[in-house]
Structure formats: structure tokens, C-alpha cells
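Below is one structure, written out as C-alpha cells; the observations come after it.
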Amino acid sequence: MGSQKSQRGIRIAIDRGGTFTDCVGNPGTGRMEDDVIIKLLSEDPSNYEDAPLEGIRRLMSKFLGKEIPRGEALDTSKIESIRMGTTVATNALLERKGERIVMVVTKGFKDCLEIGNQSRPHIFDLAIKKPDVLYESVFEIDERVTLEDYAEDPERNITEVKPRDSRNGGEQGDLVKGLSSEAVRILRRPDEDIIRKQLQEAYDRGIKSIAVCLMHGYTFPDHEGLVGRIARDIGFQHVSLSHKLMPMIKLVPRATSACADAYLTPAIKKYIAGFQKGFEGGLGTESVKKESGTKGARCEFMQSDGGLVDVDKFSGLKAILSGPAGGVVGYALTSYDSKTKTPVIGFDMGGTSTDVSRYGSGRYEHVFETTTAGVTIQSPQLDINTVAAGGGSRLFFRNGLFVVGPESAGAHPGPACYRKGGSATVTDANLFLGRLLPDFFPKIFGKNEDEGLDVQASEKLLKELTDQVNKESGKNMSADEVAYGFLTVANETMTRPIRSLTEAKGHDTSKHRLATFGGAGGQHAVAIAESLGIRQILVHRYSSVLSAYGMALADIVDERQEPDSKVWAEDGDVKQTLKKKVDELKGKSRKALQEQGFEDSSIVYEEYLNMRYRGTESALMVVKPEKQDVEKEFDGDDWAFGKAFVKQHQQEFGFALPDRDIIVDDVRVRGIGKSFEGLGKTVDQQLKELKPRDVKSGDKEHKRSKVFFNGSRHDTPIFKLEDLEVGDKINGPAILADGTQTIVVTPGATALILETHVVINIGEKDLNDSSKPDTTKEVDPIMLSIFAHRFMAIAEQMGRALQKTSVSTNVKERLDYSCALFDSAGGLVANAPHLPVHLGSMSTCVKRQAEIWRGKLVKGDVIVSNHPEFGGTHLPDITVITPAFNESGDKILFYVASRAHHADIGGILPGSMPPHSRELFQEGAAIKSEKLVSAGKFNEERITELLLKEPAKYQGCSGTRCLADNISDLKAQISSNMKGINLISTLIEEYGEEVVNFYMVNIQNNAELSVRSLLKEVSKRFEGQDLSAVDYMDDGSPIKLKVTIDSEKGEAVFDFNGTGPEVYGNTNAPQAVTYSAIIYCLRCLISEDIPLNQGCLKPIKVLIPPKSFLSPSDKAAVVGGNVLTSQRVTDVILKAFQACAASQGDCNNLTFGFGGNVEGEKETRGFGYYETIAGGSGAGKDWDGTNGVHTHMTNTRITDAEVFERRYPVILREFSLRAGSGGKGKYQGGNGVIRDIEFKIPVQVSILSERRVYHPYGLAGGEDAQCGLNIWVRNVETSNPERSDKMLNGSDGVIEDAVFEERRINLGGKNTAAMKAGERIIICTPGGGGWGKVGDEKKLKEKTRDPKHSWRGGSHASREETALQA
């Protein structure tokens, strides 16, 4: 267990998981051979109340040599320490079984958590399900502070304020210095009496836990502190203040974190209190210090950040990843060698999901914002990606593809082999192929829980699947091949997050080791490693209980953090001030660790600054450089945080911005109390000293079995792990097993037994496996499924590369971009759709450019275009296309493209989204087809001319107002495309050019078949019905549609005849937009995943009347077509199919800013801001609409309220739900939102919106929703005839000041206004229509799907929610 610093008694480490509780105990010797391992069920109420307590009782009985009866208090004087990881918090969050809480928030933000970032979890779900909020009720407090300065200020003005602690009365002034050194203006102070009354009301209702999060509380905590004091006075038992938990900017994640803490901490405290009752003498640091009575035992809990904390300080917020964190600590400390520095990927495969993580450079990798069970939390957590694929993942053959998960058989009924009538799962495939051994599995199944795994049940279901595969694909595959195919696809599903975790951070997967643990890891490790190019796998002796073992080895940690806002400077006061702040935090950490019994010599510190470039939101937590790096790279400067940041930024994002300031957002110290001096010899030391000896055939074998590998069954030896000795080397194929784990060693691989690990080495032969298909004569459904994954993964990774390397808020924060790959003719192969409006439209663009440049492109060329006539949607969406050539450079193999929304590209107004544009030139730079890069050289001069100079030639128009950002984002698009090309080149190296091209074509054929079968089904559903609909734009232009389906061929005609003519306005939509809307609607109507590519449109004929506003001329304005008309086209298609009532039908595009370079005038430096605003979604035949969410053709996020005020000269007065705006009905439509923005300086404000005249329709008797409304709150001078006369006549007398009054002016749907300081815009967005007559009784919806499916998939699923769906 490792040698501990002091020695007194029994040491116990426990991981209480969802199914099993693992316990590792040591009698106090510290020697590994004396460890005792116990595995017991987490829930077994007929035998014991609490699994960890039962585990401790059994371990103590064993160590003390006497049976301790159940129920007897355990003697803590014999225990040195107890360390635990627990799923209590995670389960309470998943099942929504925490404490009743009330949330307190600033006035205007009561719905901030319900709206969240306004995006929907699954873009193709018409019945949108957002996670429920955790609070029971919410109180708004009439208080307000804001930041005085704004980051986008071109003049960089900074208001100087004296520090508040000078106690010079400035504390009561309206302008104070925040904790982050920013100037904070107090706009309104809270009223104590009102707060007391509000909180008392909640307390009287029986609520005893409270979460407080006020605007800018991270830097100005006074008002939060006041609410906290009043709450404690009233008697609230738990008070969570957001600034105490995590003083970081961002209102929504901080408020969610405060709620999660208030919701979970009481549940944890309740659990701990019950647990402590089982001990005589108590637990925790305080009990150890007791002078009288039985001496207590140390008891620490594992936190989500990989550090232990004393039982008395354990909180809900930090407990969410408590169990998985132990596993990361376990493999990090047992598999990483600080001398060789080989990084390790952790692969923890369980029953329902797989956790993937990485450990390199001797430090844990933390993330500060994660989503678990639909709750976005701001707190340091280990970077663990959970993917919804495990042993219990179910197997399906759908639409010609092998599909694994995300549905899981769970623990009940479990896999088919568990004898409970379950479905076919990954576990069944392993069992059927001989890779799982029933002899080594506990006999706990069947009626009397005394039978083993049921091989026949697995065989029956897999044979049924084989029949289905052969019938639908026309193949003649064996059950072995089908089962192996499912395992191959399962492995591909699990390698996707591993690639994203490592490659997205600039690391090469093949330079890692794979440390596998968890119940099912050993059966898949070799295949996963091969797929990633990894050559060595480490399986720890305790791999099945590694989380518990990790607890035993972990350190005690004390985390401290404070906000800041300084601009980094290599010399001067800044460094000294930051050093002082770090030293203060270190002092607090030292004190906390000393109280827990640590000497100064056992305490080490990690010092961090959270840094970012000005104008970006991608902060990096930069650790203080280590001694060897200081000498080698930073000229002996041990505080070279600036240089370390630039280096890390370059590695992670691929670029640096040398001309931008570096901002320090936070100062962080991690104090670590070291528990262990050494863990014995590392793997590398053991490998160096070991002399391996081959185990001869027949030696030490337990038995032989027929196991399936690469196309056939092999006679395979089975070894019991306990029969093997250190130094034994086993050649594959072989299986090594004991009661807790099964390790599959494939042919060509070898397993070597060390004292602490089994090391599996993969030979060259395996990495370049000859069994890869070389045939392109016929489609192999397994390979088709794998290529569907690979192509999609490439598009996803391009998207992540673009998000990381871009500088603009639009791409980085709002995710307004899409990436895709295309075949050599420009046909769409795979598209990672963040935005449905880009789905079908990019291929129109790529096809057109491929035709224009045929035969004229060379290696290293990159094309740029945004013109609607050339497949563009609207001008701000710029598409960058890169052709990929064969090695000789004479043939284009495929294209990759990325499309991103640029914040400004010139035109008549800042933001390039003018509400009144009549001609295309007024909307900014229009690029038909240009080379952005020629043979590897970036044409900066030409792109500057196109973006800056060309648009300014037109009357009243400016060139782009943010050229530097445009160029940075275009370069990011180029590097994202290069990422795609490199990934496909790797695929071609692996499978060959012919095979990759073959499957690029066939994945499109597969999508075509899927759509044909959908259309056949739909024609049955709507037999005899007229599939037609009409709806109107606010200017009265009709969109008319008639759908005709040929039920035999599975083809459809979408006929838009009768649609209105081109408009002298900007709601004209290029044809590509209609294609996108059709693909999106078809995918919504199919209730399962299909590859979204060119094939989807092959069975569809689209008739768009020429010269209509869905087929405009090349000079027509189109900016509203992409964001408004696209939504109406979607409404019309869904109405024709009677799928759901209308959603808000609008994106509510708001832009504001100032500056520009109109020809003939002096250039003004300024800024532009653009956002789209959520509304209500439509109700359906068995669901209510959703409030405050983006619908249909968009899914961009909204800038967080605090970040919004820090970056721009605004005060967000309100962002809440618009009660009653959804249509009434049997099922209610969702409500829109109210967004009220006050401007602190004069700016030009524009709104481009729809559904301000025609209401979002209800269906089946449901009522229409309310229209939207845009209000300008304007300060207008009051009429004063006397004053006017005096001014006209040049009076000598005193002319009194003008008096202004506030007027509310309706801006209409599309308008622009020059707003003065102090004026506001209030946008009230439309709701969604209702379904069914009011008063009709709702049918109880059959529970066919987990209502939490859209956020239960784990952290990887929630981060990549959109990218993973297509």
C-alpha cells in the first residue's frame, strides 16, 4: 500500500460505487502482500444497512482475529485512518433526491438557471427536455452592482479606485475596488428588512438550505455576505454563498454550483452522521485530538479534484466525481514514472459507462467547468470524460449499421447472460466469443442467486441478431463475425473520447501508455490500444479495485482561489502584487493542513495563475514552472508565468497572439499534505531489473478454450493470475483471469507479470494488422459502421480544433460554426452539426467551388467563399475549403470545409446583420470564390482588400470593423481543415485510398436507404392525408409547401410552388437554406441516429419556384434569410407533417457597436457585438413546449451575464422568462424570454426579428403563442415652449436645463437606432404554440425513454452533445 509517514494501526480505503463497494485494508505494515481486499454489494438491505461500514467490520474482524458482531460500535483506537470515495452526491443529483432548497439571486435573474446558456441538449429532439432546476423556489433581491470599465474599450480606459480596506469612508461610496482589482459601481444596495421577510417565509415553509448567487459576487461579495448572515440568524442549517465556493466570473455556472452545494451537502452530512454512529470514539481530525475517552480515527473523503479532505470539511459540490477521482489517483501514482515521464491514459470501463482520463507531467489535469447529470458546475475537477458505452451497452442493427448503445441494460435486468431476461449487450458478445469466462464469475444469478452466467441466453440473442443482419444486408455472416463486429464498433465508440481528450490538447495518443481498470477494461484494452497506436498496456494487480486503492495513496489537499484582473507584466508592481496574493493563499493553506497534523516538511504547493489573452474567454490555468524548466526555457526566472502561458497556449491552441495583453483572471494555490513517502519500485524500474522467461505451452495453464480472434476461433490457454510468477511472459492468444478481472491477450501480443502489474506489449504486426479489409467489391456492414464513426469523429475533431484556435466569441463561446468532410465531387460525407442551418448548405458551396476550380488547384491551396449564389447562407458565415490531394499531388481525393460566423464583415451597420438592408452590398464583404492560401502562402493582402477595402467603396458602407479577428478566425478555419486532412490521411494509411473512398460513397448510400425507409413509413402514417401547409413572414410573404410521397420507391417531392416573390428586403433565403431545413426536419421525424450526408437528399426532389424569395437573384439582400426565413421554412415543413406546433420561429438577432472605416471619413476604432436570443418551443401530441430555449435551425449559446457586462458597456437589467407568452392547449407551448439591456455609452443598436405580426401557430385545437415585441426605452426631451422661444431668440436670460422623460417606443421587427447612454432595448421573444384544446385531459405519456436521457450520458456526452448525434 506504500510506506506511510507514521504508523499506528489499521488503514482502510473504500470506494462505494453504484453496484459494488470495494475495500482495501492494511494491518499497519504498509506492505502490499499484507493487504486484504473485500468486494461487496453497495445495496444489500437484508444483510446490512451500510456497505462501507460492513466492509470495515469484516476487515477489522480479519485483522484483529475475532468476529465483531454486526451493530457493535467499531473501536477507532485500532484504526489509523479511513479513506472513502462515495457516489452519494452523484446519485442524489442523478435521481434528484437532494435537500429542499431556495435560491437567492439579483433582481431580473430569477430564471437564469432555467434558461441556462439557452441551447437545447439534443438538437433533433422536437420534445426538448432540459434538466430540472435543483431549487424549490427562488427569491430576487433588489440589489445591483456592475463593473465600471469594459474590456472591448478601444481606448483601454481603466478607472483607478483606492483599495477598500483603507477604511476611508470609500467603503460606503458608489465606486469601490473589487477583489479582482476591478472598479465596481454599486447601483443599488439591498434592504435588510425585505430580505429578512423573504427568507423567513421560505424558512416557515420548512426549507432549511439556501443558495446565494448575486451578480458580480465573485469580485464584490458584500451583498452575498449580508444575505448569508441574515439566513444564519433565521436558522437556516446550510448556507451556500457562491463567492465562498468558487470566486470565478460567470453567473450561471456559479449559481448552479451554489445550488448543487446547498442541494447535496445536507445529503452528504446526513450520510456521514449515520456512518459515524457505527464507531466508538468518532472520526476526523478533531476526534483524533481528543484528550479523554476512546481516541478517534482520521477519516478523509475523496474530492472531485483528486485530493482528500477531512470528513468535517467534505461538501456536496466537491463530491460529485468522488469515486472516479480515486481511480485516476490510483493509476496515476502506480503507472507514471517521474524519471521516464511517459504519459498515461486511464481507461476505466464499467457496466454502463466508461471513464477516460489522462495523466502526464506529474500533475493532475483539472477542468473548472463541467456538466454532470445536466448540472453545469464551476469547481476544480479532474478532467474525466464519461462515454455512455460499457459492458451493459445494448447491441442493435439499424438502417444497415451496427449500433452499440447509448441505451444500457443497467444492473437490472442487465445483460442477457444475467438470467433476468435482459437484452443483447457487449458483455454477451464477449461471453459468446469466449473472452469472458463463466468459471471466474461469481455465481450470483438465477432465482436462488446461486447460478453462473447463462451462455445459452447470450448465444440465442446473438443468433437472432445474426439472422437480422443477414436478412437486411443480404450477407451470410456467422454469429461469431456479428458478435466480433459489435465489439469492434463498441471499441470505436470508446476510442472517440480518448482521441478528443488527448489530441484536442495537442498530445499524440501513440506516445502514451494505456492503464486499464474497472470490471470490463481487460477484455477491450488491447483492441483500444491498437486503434490508438499505443504499444504498452498496464493492468495493476488491483485493477478491479483501483479506485479504492487510489484513495489509500492520495494526498490531503487544500484549495484556495481568488479573482484578479491585472494585465501581466514581466517587470514592475504587477508581479510583486500577484506574488503577495499567492503567499497569502499559501499561508491559509499551510494553516489548514497544519491543523490536520501535517508538518511543514510534508506540505508542498502548486501555484497557478488563470490567464487569457485580452478579448478572448479561453483562460488557461498555468502552473508555476518547475526548476528544470526554469533553467532550460525561462532564463532562470522562476516566476515566468507569462512565457509559460504563451508556450501552453501555443501547444493547446496552435497559436500565440504576441500583440495582445495577457490578463490574469484568478490566482490559485493547491496546498498538498503528502501522506506517503514512496510506493516501491515503478513499472519502469521493475522492467529494467526483470529477466523475462517464456511460459512454455502447457505450463501453468488452468485449461484451454476456443476463443474468437481475427476471423476464427483459436485454441487459447487460460491462466489463473495467482498461478503466475513475477517474470513470467505469456505469448498471445491467452486469457489471464482471477475472481475480479479478465485480461484478453490477442495473438501477437505478450503479457509480462511484474510484482505490481501485468504489462501487455503489442507487437508491430498487431499495429499494422493484416486483417484490415482490402476489398471494395462489396460493402461490409461492420466496416461501414466503423467508417461512419471515423468520418463523424474527424468532423467533430475539426470542430474542436476550430473552437480552440479561434479568437472570436462567436466561435469560441457561442459555437456558431460547422465543420464537414466531402468526397472528391463535393458530396457531403459527414458533418458535425452544431447548427442545423449549415447541414445541407455547405455541400452546395463545396460542389460549386469544386466545379469552378477543377484542374486549377495544387497542394497547399485553400479556397474562401461566402456569396449566397455560390452556396453561402448569409455573408457573415464564411466558408473555408481545403482540397486533399494524393501523394503525387495530381488527384483530389476529398475536400474538408469549415464555416464560421464572423462578428463583422463590414456593410452599413456594426455586426453586419443590418435589419434594413435592401441590396447584398449593404451586408458587407461578398466573396464569390478566391484563394485564401496559394500553394501554402496565406494571401493576407488580398483578404484584407476583400474584407476591409472592397465593402467601403459602396455608399454609406464600412469595411470590417474587426479585421484582426477576421484574419485570426480564418487562420483557425485553415488549421481546422488541416486537422481534418491529417486525420483522413491517417485513415488512408491504415486502410488504403481505395477502401476509404469506397466507404465515403457507401456511407452516403446508407443514408439514402435510411431516408427511403423513413418516407415509406411516413407515407403509411399519413395515408390519404394532404401533406401541405402555408405560413407567412411578417411582411405577408407566403411560404407554401406540398409534399408528395411515392410509398413504393420511398421518394418525395417537396414542392414550394405558391411561395412569394423575391422581396426588396433581406428575408430572401438562398436555395441552400431550404435544403438544410429539409434535412433537419427529416432527421427530427426519424427517431434514431442516421449519418447526415448527401445521401439524405437523394430520394428528395425539391421544387423551388424561380424568382421567389427562396431562390433570390445574386444581388438580393439575404442576411435575414439564414436566421429568420430558415425558421419559417422549418415551421411549414413540420406543420405539413403535423409534427408539432410552431416554435418561436425566429432567432431574435441583436447587434450593437460603433466604429468603422466609411470611405472619405476618418477610421474610428470600435467594436461590434452579436447575439441571438431564445424563445418558446412548440408543444406536440404528448409533450409541453419548453421555455427559453433555442429552436430548430439554431442552437447557439448566449454570453453569460457577468461576462457580457465585463466585455461591453452594458447593464443587463433583466433576462427572464416571459410568463404567459406560450400558446395554451392540452399541452402548453413554451414561454419566450425578456432581455432588457441598458447602454452605458452611445451605440448603434439593431434588431432583426420575425413573428412580430404573425403568431406562432397552435395545432390540433391548441392556441397560438404571443408575438414578440421590441421596445426602445428612450429619453425624450419634454415640450417646453418658453425654453424653445428663449433659445430661438438668443435670450440673455438663464436658459433652464432640458427636462427628459422616458418613453417606450415600439421598434417593430426590423430596425436600427442610435441609442444614447442610459437608454435601453427590451426584447420580448415569441412563445411556442399550444397543442390540443384547452381542458382536454393529458394522456400519460408511456415511459419508453428515460426522461433524463438527454443529459445522462456523462460528461463527454454533455460537452459534445450536438457533435455526437449525427
Side-chain angles (χ1 to χ4, degrees), residues 1-14 24-31 52 56 59-60 63 74-86 268-269 272-273 275-276 278-303 305-315 318-319 322 325-326 329 333 364 548-560 583-607 669-679:
M1 232 195 197
S3 61
Q4 200 166 24
K5 294 210 169 265
S6 66
Q7 233 187 336
R8 187 169 73 108
I10 298 165
R11 298 207 303 274
I12 295 165
I14 299 171
V24 179
N26 185 281
T29 61
R31 291 199 301 269
I56 295 170
L59 284 171
M60 287 186 70
F63 291 140
L74 302 172
D75 181 0
T76 46
S77 66
K78 304 277 192 292
I79 301 173
E80 159 82 30
S81 70
I82 297 168
R83 296 174 156 201
M84 265 175 75
T86 176
I268 292 246
K269 295 278 186 235
I272 288 173
F275 179 65
Q276 284 180 324
F279 296 90
E280 185 189 321
L283 299 175
T285 307
E286 292 308 312
S287 69
V288 176
K289 294 176 184 169
K290 266 198 319 195
E291 298 294 326
S292 59
T294 307
K295 198 158 191 182
R298 291 185 66 122
C299 177
E300 288 113 13
F301 275 79
M302 174 58 77
Q303 301 187 108
D305 65 0
L308 292 163
V309 68
D310 188 72
V311 61
D312 299 328
K313 293 181 178 166
F314 191 44
S315 76
K318 301 208 165 162
S322 175
V329 174
L333 296 181
Y364 298 112
Y549 190 63
M551 316 280 169
L553 306 177
D555 296 317
I556 315 286
V557 165
D558 182 82
E559 276 265 0
R560 304 274 162 172
D583 287 341
E584 283 168 10
L585 293 178
K586 278 163 78 172
K588 289 175 184 172
S589 259
R590 183 184 302 114
K591 188 166 177 261
L593 289 167
Q594 283 169 343
E595 281 172 6
Q596 294 179 57
F598 284 94
E599 305 285 328
D600 276 3
S601 57
S602 304
I603 301 174
V604 293
Y605 303 96
E606 287 175 5
E607 300 166 37
V669 165
R670 191 170 162 86
I672 301 166
K674 286 283 180 195
S675 316
F676 288 91
E677 279 158 343
L679 292 166

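All values derive from a computational prediction rather than experimental measurement. Worth knowing before you read on, the calculation uses all heavy atoms, side chains too, and leaves out hydrogens, waters and symmetry mates.
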Open item on the list: side-chain contact (heavy atoms from CB on, under 4.5 Å) for Glu80 and Asn26? Distances and angles first, verdict last.
Closed with: CA-CA 10 Å; Glu80 159 82 30; Asn26 185 281; over 6 Å; no

TODO: Take Arg298 and Ile556 through the side-chain contact (heavy atoms from CB on, under 4.5 Å) test and state the conclusion after the steps.
DONE: CA-CA 12 Å; Arg298 291 185 66 122; Ile556 315 286; 4.1 Å; yes

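- Side-chain contact between Leu59 and Ile10 is absent, with no heavy atoms from C-beta onward closer than 4.5 Å.
- Between the side chain of Ser602 and the main chain of Gly673, no donor-acceptor pair closer than 3.5 Å is present.
- To the nearest 0.5 Å, atom CZ of residue Phe63 and atom CD1 of residue Ile56 are 11.5 Å apart.
- Taking every heavy atom of both residues into account, Gly671 and Ser589 meet most closely at N-OG, 3.9 Å.
- Atom NZ of Lys313 and atom CD of Glu595 lie 5.5 Å apart (nearest 0.5 Å).
- In this structure the side chain of Ile79 reaches within 4.5 angstrom of the side chain of Met60, judged on heavy atoms.
- With rounding to the nearest 0.5 Å, the separation of CD1 in Ile12 from CG in Leu74 is 8.5 Å.
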TODO: Dump the intermediate steps for side-chain contact (heavy atoms from CB on, under 4.5 Å) on Asp305 and Arg670, then the final yes or no.
DONE: CA-CA 10 Å; Asp305 65 0; Arg670 191 170 162 86; 3.0 Å; yes

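- Here the closest non-hydrogen pair linking Ala548 and Ala13 is O-CB, 3.2 Å.
- Of all heavy-atom pairs spanning Gln303 and Val557, the tightest one is NE2-O, 4.3 Å.
- With sequence neighbours excluded, the residues forming a side chain to side chain contact (heavy atoms under 4.5 Å, CB included) with Lys269 are Thr265, listed by chain and number.
- Relative orientation of the Phe301 and Phe275 rings is perpendicular, given thresholds of 30° and 60° on the angle between their planes.
- Across Asp600 and Gln594, no two heavy atoms sit closer than the pair OD1-NE2, 2.7 Å.
- Within the 3.5 Å criterion, the main-chain N or O of Met551 finds a donor-acceptor partner in the side chain of Arg83.
- Note that the CD atom of Glu607 and the NZ atom of Lys586 stand 4.0 Å from one another [nearest 0.5 Å].
- In the displayed structure, Glu599 atom CD is contacted under 6.0 Å by at most 12 heavy atoms of other residues, nucleotides or ligands.
- Between Ala319 and Phe314, the shortest heavy-atom distance links the atoms CB-CZ, 3.3 Å.
- Closest non-hydrogen pair, Val329 versus Gly306, comes out as CG2-O, 3.5 Å.
- In this structure, CE in Met302 is found 4.5 Å from CG in Leu308, a value given to the nearest 0.5 Å.
- Taken from NZ in Lys318 to CD in Glu559, the straight-line distance is 6.0 Å, to the nearest 0.5 Å.
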